[in-house]
Amino acid sequence: MQLGLNPAALFYFYTMAVNTEVFEQIKEQLNQKGVMLVAVSKIKPPEDILALYQRGQKDFGENYVQEMVEKEILLPKDIRWHFIGHLQSNKVKYIAPFVYLIHGVDSLKLLTEISKQALKAKRTIKVLLQIHIAREATKFGLDEKELKEIMEQWSQQPLPNVEICGLMGMASYSDDKAVIQREFQYLKSLFDQYKNDSFALLSMGMSSDYEMAIENGSNAVRIGSLLFGARAKKN
Ligand SMILES: *Cc1c(COP(=O)(O)O)cnc(C)c1O
(Lines give C-alpha, C1' and ligand atoms only; values in the text may rest on other atoms or scores of the structure.)
Protein backbone atom coordinates (compact mmCIF):
# COMPACT_ATOMS: atom_id res chain seq x y z
CA MET A 1 0.00 0.00 0.00
CA GLN A 2 1.37 3.42 -0.92
CA LEU A 3 0.26 5.99 1.60
CA GLY A 4 3.13 8.39 0.94
CA LEU A 5 2.89 11.43 3.13
CA ASN A 6 -0.50 12.51 1.96
CA PRO A 7 -2.33 13.49 5.17
CA ALA A 8 -5.73 12.81 3.66
CA ALA A 9 -4.72 9.26 2.77
CA LEU A 10 -3.26 8.74 6.23
CA PHE A 11 -6.43 9.98 7.85
CA TYR A 12 -8.46 7.62 5.68
CA PHE A 13 -6.21 4.73 6.65
CA TYR A 14 -6.55 5.35 10.35
CA THR A 15 -10.27 5.93 10.32
CA MET A 16 -10.76 2.62 8.52
CA ALA A 17 -8.83 0.73 11.18
CA VAL A 18 -10.40 -1.33 13.93
CA ASN A 19 -11.84 0.83 16.67
CA THR A 20 -10.27 -0.75 19.73
CA GLU A 21 -11.48 1.99 22.06
CA VAL A 22 -15.10 1.41 21.10
CA PHE A 23 -14.46 -2.32 21.40
CA GLU A 24 -13.26 -1.96 25.01
CA GLN A 25 -16.27 0.19 25.88
CA ILE A 26 -18.79 -2.17 24.34
CA LYS A 27 -17.09 -5.20 25.88
CA GLU A 28 -17.31 -3.61 29.33
CA GLN A 29 -20.94 -2.62 28.80
CA LEU A 30 -21.92 -6.13 27.64
CA ASN A 31 -19.90 -7.93 30.33
CA GLN A 32 -21.83 -6.12 33.00
CA LYS A 33 -25.08 -7.31 31.48
CA GLY A 34 -23.97 -10.84 30.67
CA VAL A 35 -24.57 -10.31 26.93
CA MET A 36 -22.48 -12.17 24.36
CA LEU A 37 -20.65 -10.06 21.79
CA VAL A 38 -20.34 -11.49 18.29
CA ALA A 39 -17.90 -9.27 16.39
CA VAL A 40 -19.13 -9.24 12.80
CA SER A 41 -16.03 -9.30 10.60
CA LYS A 42 -17.54 -9.92 7.16
CA ILE A 43 -15.56 -8.36 4.30
CA LYS A 44 -12.87 -7.30 6.79
CA PRO A 45 -9.32 -8.66 6.55
CA PRO A 46 -7.88 -11.25 8.95
CA GLU A 47 -5.62 -8.58 10.51
CA ASP A 48 -8.70 -6.78 11.80
CA ILE A 49 -9.94 -9.97 13.43
CA LEU A 50 -6.53 -10.50 15.03
CA ALA A 51 -6.57 -6.97 16.44
CA LEU A 52 -9.64 -7.82 18.52
CA TYR A 53 -8.56 -11.40 19.19
CA GLN A 54 -5.43 -10.03 20.83
CA ARG A 55 -7.72 -8.06 23.14
CA GLY A 56 -9.54 -11.18 24.19
CA GLN A 57 -12.38 -11.39 21.66
CA LYS A 58 -13.14 -14.99 20.63
CA ASP A 59 -16.56 -14.81 18.95
CA PHE A 60 -16.60 -13.62 15.34
CA GLY A 61 -19.50 -13.54 12.89
CA GLU A 62 -19.29 -14.09 9.14
CA ASN A 63 -21.92 -14.01 6.38
CA TYR A 64 -20.25 -15.79 3.49
CA VAL A 65 -19.23 -19.45 3.52
CA GLN A 66 -16.09 -19.20 1.42
CA GLU A 67 -14.82 -16.17 3.30
CA MET A 68 -15.37 -17.84 6.66
CA VAL A 69 -13.58 -21.01 5.51
CA GLU A 70 -10.59 -19.01 4.28
CA LYS A 71 -10.33 -17.04 7.52
CA GLU A 72 -10.71 -20.13 9.68
CA ILE A 73 -7.66 -21.68 8.00
CA LEU A 74 -5.53 -18.59 8.66
CA LEU A 75 -6.59 -17.63 12.16
CA PRO A 76 -6.19 -19.07 15.69
CA LYS A 77 -8.05 -22.31 16.32
CA ASP A 78 -9.80 -21.17 19.49
CA ILE A 79 -11.85 -18.57 17.62
CA ARG A 80 -15.56 -19.37 17.80
CA TRP A 81 -16.98 -18.86 14.31
CA HIS A 82 -20.61 -17.76 14.10
CA PHE A 83 -22.31 -18.07 10.74
CA ILE A 84 -24.85 -15.23 10.62
CA GLY A 85 -25.67 -15.07 6.92
CA HIS A 86 -28.23 -16.97 4.92
CA LEU A 87 -26.93 -20.52 4.66
CA GLN A 88 -27.69 -22.66 1.61
CA SER A 89 -28.07 -26.37 2.29
CA ASN A 90 -25.45 -27.32 -0.28
CA LYS A 91 -22.81 -25.27 1.55
CA VAL A 92 -23.29 -26.64 5.07
CA LYS A 93 -20.57 -29.24 4.47
CA TYR A 94 -17.85 -26.59 4.17
CA ILE A 95 -18.42 -25.09 7.61
CA ALA A 96 -19.66 -28.16 9.51
CA PRO A 97 -16.18 -29.22 10.69
CA PHE A 98 -15.60 -26.04 12.68
CA VAL A 99 -18.60 -23.68 12.93
CA TYR A 100 -19.53 -22.80 16.52
CA LEU A 101 -23.06 -21.46 16.07
CA ILE A 102 -25.27 -21.03 13.00
CA HIS A 103 -27.62 -18.10 13.65
CA GLY A 104 -29.87 -18.07 10.61
CA VAL A 105 -31.57 -21.45 10.35
CA ASP A 106 -35.01 -21.11 8.81
CA SER A 107 -36.16 -24.50 7.54
CA LEU A 108 -36.40 -28.15 8.46
CA LYS A 109 -34.54 -28.93 5.25
CA LEU A 110 -31.56 -26.92 6.46
CA LEU A 111 -31.72 -28.51 9.93
CA THR A 112 -31.70 -31.93 8.29
CA GLU A 113 -28.61 -31.11 6.25
CA ILE A 114 -26.84 -29.65 9.30
CA SER A 115 -27.58 -32.85 11.20
CA LYS A 116 -26.21 -34.96 8.36
CA GLN A 117 -23.01 -32.93 8.05
CA ALA A 118 -22.54 -32.74 11.83
CA LEU A 119 -22.72 -36.53 12.01
CA LYS A 120 -20.12 -36.77 9.26
CA ALA A 121 -17.87 -34.33 11.07
CA LYS A 122 -18.44 -36.26 14.33
CA ARG A 123 -19.57 -33.22 16.27
CA THR A 124 -22.65 -31.44 17.50
CA ILE A 125 -23.57 -28.14 15.88
CA LYS A 126 -25.46 -25.44 17.75
CA VAL A 127 -28.05 -23.43 15.82
CA LEU A 128 -30.51 -20.60 16.29
CA LEU A 129 -33.79 -20.42 14.42
CA GLN A 130 -34.21 -17.17 12.53
CA ILE A 131 -37.55 -15.43 12.89
CA HIS A 132 -38.81 -12.92 10.35
CA ILE A 133 -39.65 -9.84 12.40
CA ALA A 134 -38.92 -6.99 9.96
CA ARG A 135 -41.26 -5.25 7.57
CA GLU A 136 -38.97 -5.93 4.62
CA ALA A 137 -39.96 -9.03 2.70
CA THR A 138 -36.31 -9.41 1.66
CA LYS A 139 -35.26 -10.60 5.08
CA PHE A 140 -35.24 -14.30 5.85
CA GLY A 141 -36.84 -16.20 8.66
CA LEU A 142 -39.72 -18.24 10.00
CA ASP A 143 -43.07 -16.90 11.07
CA GLU A 144 -44.71 -17.83 14.35
CA LYS A 145 -46.59 -20.79 12.90
CA GLU A 146 -43.55 -22.26 11.16
CA LEU A 147 -41.57 -21.91 14.38
CA LYS A 148 -44.27 -23.78 16.25
CA GLU A 149 -44.26 -26.59 13.69
CA ILE A 150 -40.50 -27.02 13.88
CA MET A 151 -40.46 -26.91 17.68
CA GLU A 152 -43.26 -29.48 17.91
CA GLN A 153 -41.58 -31.78 15.48
CA TRP A 154 -38.30 -31.33 17.31
CA SER A 155 -39.77 -32.20 20.69
CA GLN A 156 -41.12 -35.46 19.25
CA GLN A 157 -38.18 -36.35 17.10
CA PRO A 158 -35.04 -34.24 17.37
CA LEU A 159 -32.38 -34.79 14.73
CA PRO A 160 -29.04 -36.11 15.97
CA ASN A 161 -26.01 -33.88 16.49
CA VAL A 162 -27.92 -30.59 16.29
CA GLU A 163 -28.77 -28.43 19.28
CA ILE A 164 -31.39 -25.71 18.85
CA CYS A 165 -30.13 -23.09 21.31
CA GLY A 166 -32.55 -20.21 20.75
CA LEU A 167 -33.73 -17.57 18.29
CA MET A 168 -32.27 -14.87 16.08
CA GLY A 169 -33.88 -11.93 14.34
CA MET A 170 -33.15 -8.71 12.46
CA ALA A 171 -35.28 -5.61 12.93
CA SER A 172 -36.40 -3.38 10.06
CA TYR A 173 -34.09 -0.78 8.55
CA SER A 174 -35.90 2.15 10.06
CA ASP A 175 -35.32 5.39 11.94
CA ASP A 176 -38.55 4.77 13.78
CA LYS A 177 -37.48 3.46 17.17
CA ALA A 178 -41.01 2.42 18.04
CA VAL A 179 -41.11 0.07 15.05
CA ILE A 180 -37.79 -1.53 16.00
CA GLN A 181 -38.80 -1.84 19.63
CA ARG A 182 -42.06 -3.54 18.71
CA GLU A 183 -40.17 -6.07 16.56
CA PHE A 184 -37.71 -6.83 19.36
CA GLN A 185 -40.53 -7.23 21.87
CA TYR A 186 -42.32 -9.61 19.55
CA LEU A 187 -39.21 -11.74 19.10
CA LYS A 188 -38.63 -11.78 22.86
CA SER A 189 -42.21 -12.94 23.43
CA LEU A 190 -41.72 -15.87 21.03
CA PHE A 191 -38.42 -16.70 22.69
CA ASP A 192 -40.06 -16.76 26.13
CA GLN A 193 -42.56 -19.37 24.96
CA TYR A 194 -39.80 -21.93 24.44
CA LYS A 195 -37.04 -20.72 26.75
CA ASN A 196 -35.32 -23.34 28.92
CA ASP A 197 -31.79 -24.32 29.99
CA SER A 198 -30.74 -25.40 26.51
CA PHE A 199 -32.94 -22.98 24.54
CA ALA A 200 -31.42 -19.90 26.10
CA LEU A 201 -29.87 -17.63 23.46
CA LEU A 202 -31.65 -14.66 21.94
CA SER A 203 -29.49 -13.14 19.19
CA MET A 204 -30.82 -9.70 18.35
CA GLY A 205 -29.22 -6.29 17.91
CA MET A 206 -26.60 -4.82 15.55
CA SER A 207 -24.49 -1.63 15.58
CA SER A 208 -27.44 0.69 15.20
CA ASP A 209 -29.85 -0.93 17.63
CA TYR A 210 -27.95 -3.17 20.04
CA GLU A 211 -28.71 -1.10 23.15
CA MET A 212 -32.42 -1.22 22.48
CA ALA A 213 -32.16 -4.93 21.74
CA ILE A 214 -30.55 -5.56 25.14
CA GLU A 215 -33.19 -3.47 26.90
CA ASN A 216 -35.72 -5.76 25.25
CA GLY A 217 -34.13 -9.02 26.33
CA SER A 218 -31.32 -9.82 23.88
CA ASN A 219 -28.41 -11.78 25.33
CA ALA A 220 -26.28 -11.96 22.16
CA VAL A 221 -25.57 -8.99 19.89
CA ARG A 222 -23.95 -9.02 16.45
CA ILE A 223 -21.88 -5.87 16.00
CA GLY A 224 -19.85 -5.09 12.88
CA SER A 225 -19.41 -1.52 11.70
CA LEU A 226 -19.08 0.02 15.16
CA LEU A 227 -16.02 -2.16 15.77
CA PHE A 228 -14.50 -2.52 12.32
CA GLY A 229 -15.62 0.66 10.57
CA ALA A 230 -17.96 0.98 7.63
CA ARG A 231 -17.87 -1.85 5.12
CA ALA A 232 -17.11 -1.55 1.44
CA LYS A 233 -19.72 -3.19 -0.75
CA LYS A 234 -18.99 -6.87 -1.34
CA ASN A 235 -17.40 -7.11 -4.82
C1 LIG B 1 -23.76 -7.52 8.83
C2 LIG B 1 -24.62 -8.08 9.87
C3 LIG B 1 -24.56 -7.61 11.20
C4 LIG B 1 -23.68 -6.47 11.64
O5 LIG B 1 -24.15 -5.25 11.15
P6 LIG B 1 -23.58 -3.84 11.65
O7 LIG B 1 -24.66 -2.91 11.34
O8 LIG B 1 -22.33 -3.61 10.88
O9 LIG B 1 -23.31 -3.97 13.10
C10 LIG B 1 -25.35 -8.24 12.13
N11 LIG B 1 -26.18 -9.26 11.82
C12 LIG B 1 -26.28 -9.73 10.56
C13 LIG B 1 -27.21 -10.85 10.28
C14 LIG B 1 -25.51 -9.15 9.55
O15 LIG B 1 -25.64 -9.61 8.30
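Counting starts at 1 for both ligands and their atoms, in listed order.
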### Task
Write out the residue and atom name of the closest protein heavy atom to atom 5 (O) of ligand 1, then the distance separating them to 0.1 Å.
M206 CE, 3.5 Å
### Query
What pair of heavy atoms forms the shortest contact from P160 to L119, and how long is it?
CG-CD1, 3.9 Å
### Query
Atom CG of L202 and atom CD1 of I214: how far apart are they, to the nearest 0.5 Å?
11.0 Å
### Query
Nearest protein heavy-atom contact for atom 9 (O) of ligand 1: which residue, which atom, what distance?
S207 OG, 2.5 Å
### Query
With a 3.5 Å cut-off and no angle check, do the side chains of N196 and S198 form a donor-acceptor pair?
yes
#### Entry: Proximal atoms of ligand 1 relative to R222 (non-hydrogen, under 4.0 Å)
4 (C), 9 (O), 10 (C), 11 (N), 12 (C), 13 (C)
### For atom 8 (O) of ligand 1, the option (of A230, S41, S208, S225) bearing the nearest heavy atom
S225
## Note on the structure
For I223, the atoms of ligand 1 under 4.0 Å from one of its heavy atoms are 9 (O)
## Note on the structure
When distances are taken from atom 12 (C) of ligand 1, the protein heavy atom at minimum range is I84 CD1, 3.5 Å
### Query
Which heavy atom of S174 sits nearest a heavy atom of R135, and at what distance?
OG-NH2, 3.5 Å
### Task
Please verify whether a non-hydrogen atom of R231 lies at under 4.0 Å from ligand 1.
yes
### Task
Pull out every atom of ligand 1 sitting under 4.0 Å from any heavy atom of G224, numbered as shown with elements.
4 (C), 6 (P), 8 (O), 9 (O)
### Summary
When rounded to the nearest 0.5 Å, the distance separating CG of N161 from NZ of K122 is 10.5 Å
### Query
For ligand 1, which atoms have a heavy atom of N63 less than 4.0 angstrom away?
14 (C), 15 (O)
#### Entry: Side-chain donor-acceptor contact under 3.5 Å, E149 with Q153
no
### Message
Can a side-chain donor-acceptor contact be found between E28 and Q32 if the only test is distance below 3.5 angstrom?
### Response
yes
### Query
To the nearest 0.1 Å, how far is atom 2 (C) of ligand 1 from its closest protein heavy atom, and which atom is that?
K42 NZ, 2.5 Å
